[in-house]
Q: 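I'd like to ask you about the structure that follows.
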Number of protein chains: 2
Amino acid sequence: MGKRVYMASEIQLSSEQIVAAAVDILHEGGLDAVSMRSVAGRLGVTPPPVYARIGNKDALLDAIAEHFLADLAPDPERDEAWPDYARRWTQQMRQRLTEAADSRLFLQVKRPTYLEATKPLLNCMRRDGMSTDAAVRACRLLTWATVGFIAMDHSPPAASSRRPSRLAGSDPSGVTSEEIDELFTAHIGYLIDGIERDEGMR
Amino acid sequence: MGKRVYMASEIQLSSEQIVAAAVDILHEGGLDAVSMRSVAGRLGVTPPPVYARIGNKDALLDAIAEHFLADLAPDPERDEAWPDYARRWTQQMRQRLTEAADSRLFLQVKRPTYLEATKPLLNCMRRDGMSTDAAVRACRLLTWATVGFIAMDHSPPAASSRRPSRLAGSDPSGVTSEEIDELFTAHIGYLIDGIERDEGMR
DNA sequence: ACCTGAACACCGTTCAAGT
DNA sequence: ACCTGAACACCGTTCAAGT
């Protein structure tokens with residue numbers, strides 16, 4: 001009684017450890033390599049402890065997505081107007097999603113996670129005089145456009161021999177990564193222009 | 001010799017039959033219910049014949065996506081300017097993707113399939129004086145925006161009690177389907193306005 | 001209390017064997 | 001020639017059993 005026989009580690013798995021292991025596997029073998037078994041294996045453990053901590057596979061994927069969206073935003077400069085900050089913010093968002101290397105992760109993310117990530121952008125818009133309603137709508141448009149764009153952008157495997165084209169995205173045979181950069185910037189630019197114009201005639 | 005003993009059906013599986021069976025299963029049980037085994041089973045057959053015809057699971061998913069994108073476009077009216085036709089075309093595209101009920105199908109679609117679907121829009125733009133380069137770029141922007149939007153739009157399960165809001169998409173707790181319609185229309189509208197403006201200063 | 005081992009019901013895919 | 005049955009190597013998930 002009271003005597004300790006159990007020799008295994010006293011320290012329970014933390015969700016941070018689990019997510020870290022999952023992210024390692026994601027970067028090494030892609031999202032399809034991330035399984036409850038592979039994550040457990042990397043932690044030197046069988047699946048049940050992972051289930052006990054994280055719930056199930058969907059919850060694990062959510063947690064991975066949240067990991068990549070955490071602390072997304074560098075706060076706006078004091079003299080930075082919202083359209084400029086929005087350009088910076090969407091580029092930052094795009095970079096984070098690209099680091100995650102698989103857009104499937106972000107298509108089932110719950111709204112509160114995106115809401116958390118948009119907070120600084122929302123505040124910046126309100127600071128510049130937008131109504132809360134208009135700012136929430138603008139943030140949703142920009143978030144959807146960014147994630148949607150990345151979801152469509154499964155980069156072409158290799159740069160084949162193609163004539164250089166004058167206009168980004170105009171070559172039907174594919175798109176280079178520079179062209180994708182320009183397409184993304186143009187896309188976001190059109191949205192910001194439109195939102196700005198709507199605000200102007202408010 | 002020459003004597004027929006083999007009693008099974010003489011008719012090989014066609015890919016149309018396979019896709020039709022897969023689409024049935026998709027509508028009944030969702031994309032996760034579509035497996036090589038379930039499709040074979042619905043056709044009263046074991047998996048190998050399905051593999052023989054369609055190749056593998058990825059090819060099946062491609063074929064399903066193509067099914068939903070086939071004959072996408074009602075051709076433009078003779079007096080219909082490209083911005084109006086683009087609005088119609090994107091709405092049509094959106095409707096087809098929504099019918100498919102799972103956007104994952106369209107995120108791995110090969111470029112030629114989208115290229116085929118965009119053809120009438122491309123021709124309409126060229127008819128109205130856009131250069132091929134500009135038209136291809138514009139079509140890609142609109143296609144990416146449409147598919148990306150739908151990919152983000154996993155409709156909320158039920159209409160909970162929420163205050164009505166004046167601006168589409170401005171409620172942080174969720175979006176009603178009417179609001180999503182308006183957000184989509186606004187998004188596409190901003191893009192078309194931007195493209196039109198670029199063309200104007202050409 | 002926490003973990004392991006093993007199982008259940010599935011996958012995608014392949015292949016020897018039947019007719 | 002075309003199909004079936006069975007297998008291989010995986011999944012997500014759960015649960016009795018150990019310590």
Side-chain angles (χ1 to χ4, degrees), chain A residues 1-26 28-65 102 104-105 107-109, chain B residues 1-26 28-65 102 104-105 107-109:
Chain A
M1 60 285 277
K3 206 148 83 193
R4 278 231 159 265
V5 185
Y6 179 55
M7 297 301 291
S9 160
E10 300 290 313
I11 302 106
Q12 274 188 139
L13 288 174
S14 71
S15 358
E16 286 78 17
Q17 281 175 80
I18 294 174
V19 170
V23 169
D24 284 351
I25 295 170
L26 172 67
E28 288 168 16
L31 188 56
D32 291 332
V34 177
S35 73
M36 297 303 271
R37 280 177 156 96
S38 66
V39 170
R42 161 148 320 217
L43 295 166
V45 113
T46 52
V50 178
Y51 278 88
R53 203 34 98 181
I54 214 94
N56 60 18
K57 179 85 185 277
D58 273 349
L60 173 61
L61 296 180
D62 279 359
I64 298 173
D102 201 307
R104 286 175 285 173
L105 279 168
L107 294 176
Q108 299 298 339
V109 167
Chain B
M1 58 280 280
K3 207 149 87 199
R4 278 230 159 266
V5 186
Y6 179 56
M7 297 301 293
S9 161
E10 299 288 313
I11 302 106
Q12 274 188 140
L13 289 173
S14 70
S15 356
E16 287 77 19
Q17 283 175 78
I18 295 174
V19 171
V23 169
D24 283 351
I25 295 169
L26 172 67
E28 287 167 17
L31 189 56
D32 291 331
V34 177
S35 73
M36 298 303 271
R37 281 178 155 96
S38 67
V39 170
R42 161 149 319 217
L43 294 166
V45 113
T46 52
V50 178
Y51 278 88
R53 206 30 103 178
I54 214 92
N56 58 20
K57 178 85 184 276
D58 273 349
L60 174 61
L61 295 180
D62 279 359
I64 298 173
D102 202 306
R104 286 176 285 171
L105 279 168
L107 295 176
Q108 299 296 336
V109 166

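Numbered from 1 within each chain, the chains take letters A, B, ... in sequence-line order.
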Q: Donor-acceptor pair, B:S38 side chain versus B:A33 backbone, under 3.5 Å?
A: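 Confirmed, B:S38 side chain pairs with B:A33 backbone.
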Q: For A:E16, what residues pass the salt bridge (charged side-chain N to carboxylate O under 4.0 Å, His left out) criterion, not counting sequence neighbours?
A: none
Q: Quick one: does A:R53's side chain have a donor or acceptor within less than 3.5 Å of a partner on A:S14's backbone?
A: no
Q: Show, in sequence, the C-alpha distance, side-chain angles and deciding distance for B:L60 and B:V50, and conclude whether the side chain to side chain contact (heavy atoms under 4.5 Å, CB included) test is met.
A: CA-CA 9 Å; B:L60 174 61; B:V50 178; 5.7 Å; no
Q: Where each residue is assigned the nucleotide of DNA chain C containing its nearest heavy atom, which of A:G44 and B:R37 is assigned the position nearer the 5′ end?
A: A:G44
Q: Please list every stem that involves DNA chain D, where a stem is a run of 3 or more consecutive Watson-Crick or G-U wobble pairs with both pairing distances under 3.5 Å.
A: C:4-8 with D:12-16, C:12-16 with D:4-8
Q: If only side-chain N and O atoms of B:S35 are considered, is one of them under 4.0 Å from the OP1 or OP2 phosphate oxygen of C:dC10?
A: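 For C:dC10, neither OP1 nor OP2 has a side-chain N or O of B:S35 closer than 4.0 Å.
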Q: Using atom CE of B:M36 as one end and atom P of C:dT13 as the other, report the distance to the nearest whole Å.
A: 6 Å
Q: Closest to the B:Y51 side chain: C:dG12, C:dG5, D:dG5?
A: C:dG12
Q: Where do A:I64 and A:V19 come nearest, in terms of heavy atoms and distance?
A: CA-CG1, 4.3 Å
Q: Quick one: is C:dC2 close enough that its OP1 or OP2 comes under 4.0 Å of any side-chain N or O from A:Q12?
A: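 Yes, such a contact exists.
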Q: Determine whether A:R42 and A:D24 satisfy the following criterion, side chain to side chain contact (heavy atoms under 4.5 Å, CB included), listing intermediate values before the conclusion.
A: CA-CA 9 Å; A:R42 161 148 320 217; A:D24 284 351; 3.4 Å; yes
Q: Let's see if you get this right: which residues in residues 53-64 of chain A place a heavy atom under 4.0 Å from DNA chain D?
A: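 Close to the strand are A:N56, A:K57.
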Q: Which whole-number value in Å describes the distance from A:D32 CG to C:dC11 P?
A: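 So the two atoms are 17 Å apart, to the nearest Å.
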Q: What do the steps show when you test B:V109 against B:L61 for side chain to side chain contact (heavy atoms under 4.5 Å, CB included), and what is the final call?
A: CA-CA 9 Å; B:V109 166; B:L61 295 180; over 6 Å; no
Q: Please assess A:R104 against A:D32 for the test salt bridge (Lys or Arg N to Asp or Glu O under 4.0 Å), listing each intermediate value before the final yes or no.
A: CA-CA 11 Å; A:R104 286 175 285 173; A:D32 291 332; 3.3 Å; yes
